Amino acid sequence: MTPGGGGPMKDCEYSQISTHSSSPMESPHKKKKIAARRKWEVFPGRNKFFCNGRIMMARQTGVFYLTLVLILVTSGLFFAFDCPYLAVKITPAIPVVGGILFFFVMGTLLRTSFSDPGVLPRATPDEAADLERQIGNAEDIANGTSSGGYRPPPRTREVIINGQTVKLKYCFTCKIFRPPRASHCSLCDNCVERFDHHCPWVGNCVGKRNYRFFYMFILSLSFLTVFIFAFVITHVILRSQQTGFLNALKDSPASVLEAVVCFFSVWSIVGLSGFHTYLISSNQTTNEDIKGSWSNKRGKENYNPYSYGNIITNCCAALCGPISPSLIDRRGFIQPDTPQPAAPTNGITMYGATQSQSNMAAATPLLQSEPSLTSEELPLPGKTTLGTPCATLSLGQPTPPSSMPNLTSETVLTDMIPLKEEHDGHQFLTPEEAPSPPGMLSTGSPITHSHTLHVLSLASQDSLHEDSVRGLVKLSSV
């Protein structure tokens, strides 16, 4: 140490501690830049994505391809074998109208199949833990207990919508309370907002964001099916008038195939269109209608709180309202991973920064706490005590000698060496404030001399005060 006291201790500085935990085996020179990933690549639901996340479908798409084949084949045969004859014999408007209906059907089908039906994002681990903690605290207050054991969250919550009590169910898969009219699709494994049903014919769920396109698809498909079936029959009748019925079938065998396909499909398609027209007019979903959740009569107790009371208003709300944006942002980039909840230790769970700080404390000597004890002797009346404990000595430094002039062993243990920390937090001293042991003191430092004299004077005062108190006790006993 230099005479001016500005030796190596003053030159020592606290280095900045990195908060980014890294593996001991990881070399900073061998880190590779990881390409940014999009959210659809790690999407937890059972869905398929195409075109870099622009197209979203269910995993079971076999029936969807069957729908495409039936529409394309039937329409293609109609335009190839029936429309040329009908355009000459009746009017050229027939292929034009048929083409408009065909493109409208295909557009609404693809829009329904390739879009997000209204999937609700799942809760992050921190959000799920916070929700369970809030529910646990509410239950503790209700039960009058405060135990920290895990309790499963309640199944439902209740909200009031237009005077009607609506239950919000908790989804144990998505870790959220589903909003009103939402439900979890078991095939796609997603909670869908305003869930109607899962339609295998379109290869996707039908919900809030694609219901209008689904309705326009089945409605336009009904018109197209009826249109093709009617003009195929017309084509066969006109040919049979010229060459006979059997010869007409031989001349246009494609018309027979079209008529059979349209005959067996028109009933289900038209019936489905009528059913959804009824649902739109009453502002219900297929899921609500099957369960019998609401009554169409406003005066009953279980009236529909979502209905506007007017058929036109209900239709406009379902078909003409704004389309809400997608909540899952499937083409967005994944942000850096947030700290995950650690495994519970002794009944205490560490989250986020707590876990990282504990890891840093284990790897950084400056953050490690050293074992120490505190004196438990009771202060005598009139005895002067120090308000704060002395600085702790590091493990590598020698302890002060127990035999010092005018110092008893009890005084040395009490005033020189703290035997136990009195505070929970660690007290860090600057290099100038940290005392050195008597054996390591330098004779040329005025700061060290003054600090040592101050400690010795306090110890001497304590020893003299103890002697005076003991003398007074003896006199009082005599």
Side-chain angles (χ1 to χ4, degrees), residues 56 104-105 107-121 155-171 174 176-185 188 190-199 201-202 204-223 268-328:
M56 176 181 181
F104 192 83
V105 167
T108 53
L109 171 62
L110 298 179
R111 183 68 172 81
T112 304
S113 304
F114 295 165
S115 62
D116 171 22
V119 175
L120 296 171
R155 296 285 300 180
T156 59
R157 285 181 177 177
E158 292 184 351
V159 296
I160 305 298
I161 299 178
N162 294 331
Q164 185 71 274
T165 301
V166 179
K167 292 184 178 182
L168 307 183
K169 294 184 178 180
Y170 182 84
C171 179
C174 302
I176 60 172
F177 278 97
R178 293 192 289 261
R181 315 188 85 177
S183 184
H184 191 89
C185 176
C188 296
N190 296 314
C191 279
V192 180
E193 194 173 6
R194 199 184 181 277
F195 179 75
D196 191 87
H197 69 289
H198 181 92
C199 182
W201 296 97
V202 300
N204 203 351
C205 289
V206 178
K208 182 178 181 179
R209 298 191 69 251
N210 63 352
Y211 180 79
R212 68 180 61 185
F213 303 106
F214 171 77
Y215 176 74
M216 289 188 289
F217 162 66
I218 58 175
L219 187 64
S220 60
L221 183 60
S222 301
F223 284 113
S268 58
I269 297 174
V270 173
L272 186 63
S273 301
F275 173 68
H276 279 278
T277 302
Y278 154 74
L279 293 178
I280 289 177
S281 63
S282 59
N283 203 341
Q284 292 188 83
T285 64
T286 303
N287 189 39
E288 293 170 348
D289 184 77
I290 292 175
K291 293 181 178 179
S293 302
W294 315 115
S295 174
N296 292 331
K297 296 182 179 180
R298 193 74 178 179
K300 291 190 175 182
E301 294 182 357
N302 61 333
Y303 63 88
N304 185 6
Y306 308 108
S307 176
Y308 294 94
N310 189 339
I311 295 177
I312 298 178
T313 307
N314 288 335
C315 292
C316 292
L319 302 176
C320 303
I323 300 176
S324 58
S326 177
L327 300 178
I328 56 176

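Because only heavy atoms are used, hydrogens play no part in the values below, and waters and symmetry mates are left out as well, while side chains stay in. Nothing here was measured: the structure is a model prediction, and the numbers come from that model.
Between Cys185 and Asn190, the closest side-chain pair of non-hydrogen atoms is not below 4.5 Å. Using a 4.5 Å cut-off on side-chain heavy atoms (C-beta onward), Phe195 and His184 make no contact. Residues Leu279 and Asp289 form a side-chain contact, since some pair of their non-hydrogen atoms from C-beta on lies under 4.5 Å apart. For the pair Ile161 and Pro180, the minimum side-chain heavy-atom distance is below 4.5 Å. Leu327 places none of its side-chain heavy atoms less than 4.5 Å from the side chain of Val119. A heavy-atom distance below 4.5 Å is not found between the side chains of Thr156 and Leu168. Annotation: side chain of Asn204 is not in contact with side chain of Thr112 (no heavy-atom distance under 4.5 Å).
Partner Glu193 forms a salt bridge (Lys or Arg N to Asp or Glu O under 4.0 Å) with one of Arg178, Lys208, Arg181 and no other, that one being Lys208. Evaluated for a side-chain hydrogen bond (donor to acceptor under 3.5 Å, both in side chains) with Tyr211, the options Arg194, His197, His276 yield exactly one hit, His276.
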Fill in: Full working for side-chain contact (heavy atoms from CB on, under 4.5 Å) between Trp294 and Tyr306
CA-CA 10 Å; Trp294 315 115; Tyr306 308 108; 4.0 Å; yes
Practice prompt. Decide side-chain hydrogen bond (donor to acceptor under 3.5 Å, both in side chains) for Asp196 and Thr286; before the verdict, give the C-alpha distance in whole Å, the side-chain angles of both, and the deciding distance to 0.1 Å.
Written response: CA-CA 5 Å; Asp196 191 87; Thr286 303; 2.6 Å; yes
Worksheet item: Hey, mind stepping through Ile323 and Arg212 against side-chain contact (heavy atoms from CB on, under 4.5 Å) and telling me if it holds?
Response: CA-CA 10 Å; Ile323 300 176; Arg212 68 180 61 185; 3.8 Å; yes
Item to complete: Go through Val166 and Ile160 one step at a time and tell me if the side-chain contact (heavy atoms from CB on, under 4.5 Å) criterion holds.
Response: CA-CA 6 Å; Val166 179; Ile160 305 298; over 6 Å; no
Practice prompt. Walk me through it: do Met56 and Ile328 pass the test side-chain contact (heavy atoms from CB on, under 4.5 Å)?
Written response: CA-CA 11 Å; Met56 176 181 181; Ile328 56 176; 4.0 Å; yes
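Here the closest non-hydrogen pair linking Cys171 and Cys174 is SG-N, 3.3 Å. Taking every heavy atom of both residues into account, Leu272 and Phe214 meet most closely at CD2-CZ, 4.4 Å. For Asn210 against Gly207, the heavy-atom pair with the smallest separation is OD1-N, 2.8 Å. For Tyr303 against Gly163, the heavy-atom pair with the smallest separation is OH-C, 3.4 Å. Of all the heavy atoms in Ile269 and Ile218, the pair that sits closest is CG2-O, 3.8 Å. Of all heavy-atom pairs spanning Gly292 and Asn302, the tightest one is O-ND2, 4.5 Å.
With rounding to the nearest 0.5 angstrom, the OG atom of Ser293 is 10.5 Å from the CD atom of Gln164. Separation of atoms CG (Asn283) and CD1 (Ile311) is listed at 12.0 Å; rounding is to 0.5 Å. Interatomic distance, SG of Cys315 versus OH of Tyr308, reported as 12.0 Å (0.5 Å rounding). One distance of note links OH of Tyr278 with CD of Gln284; it measures 4.5 Å at 0.5 Å rounding. Note: Leu120 CG to Cys191 SG = 6.0 Å, rounded to the nearest 0.5 Å. Considering CZ of Phe213 and OG of Ser220, their distance stands at 12.5 Å, rounded to 0.5 Å.
Between the Ser307 side chain and the Asn304 main chain, no donor and acceptor come within less than 3.5 Å of each other. Under a 3.5 Å cut-off, the side chain of Arg209 and the backbone N or O of Ser324 do form a donor-acceptor pair. Between the side chain of Asn287 and the backbone N or O of Thr285, no donor-acceptor pair lies under 3.5 Å. Under a 3.5 Å cut-off, the side chain of Ser113 and the backbone N or O of Val202 do form a donor-acceptor pair.
No hydrogens or angles considered: nothing links the side chains of Ser281 and Asn314 as a donor-acceptor pair under 3.5 Å.
Taking the side-chain hydrogen bond (donor to acceptor under 3.5 Å, both in side chains) definition, one finds that Thr108 meets it with nothing, sequence neighbours left out.
For Phe114, the CZ atom is densely surrounded, since the number of other residues' heavy atoms within 6.0 Å is greater than 12. Atom CD1 of Ile312 sits in a sparse spot, with 12 or fewer heavy atoms from other residues, nucleotides or ligands closer than 6.0 Å.
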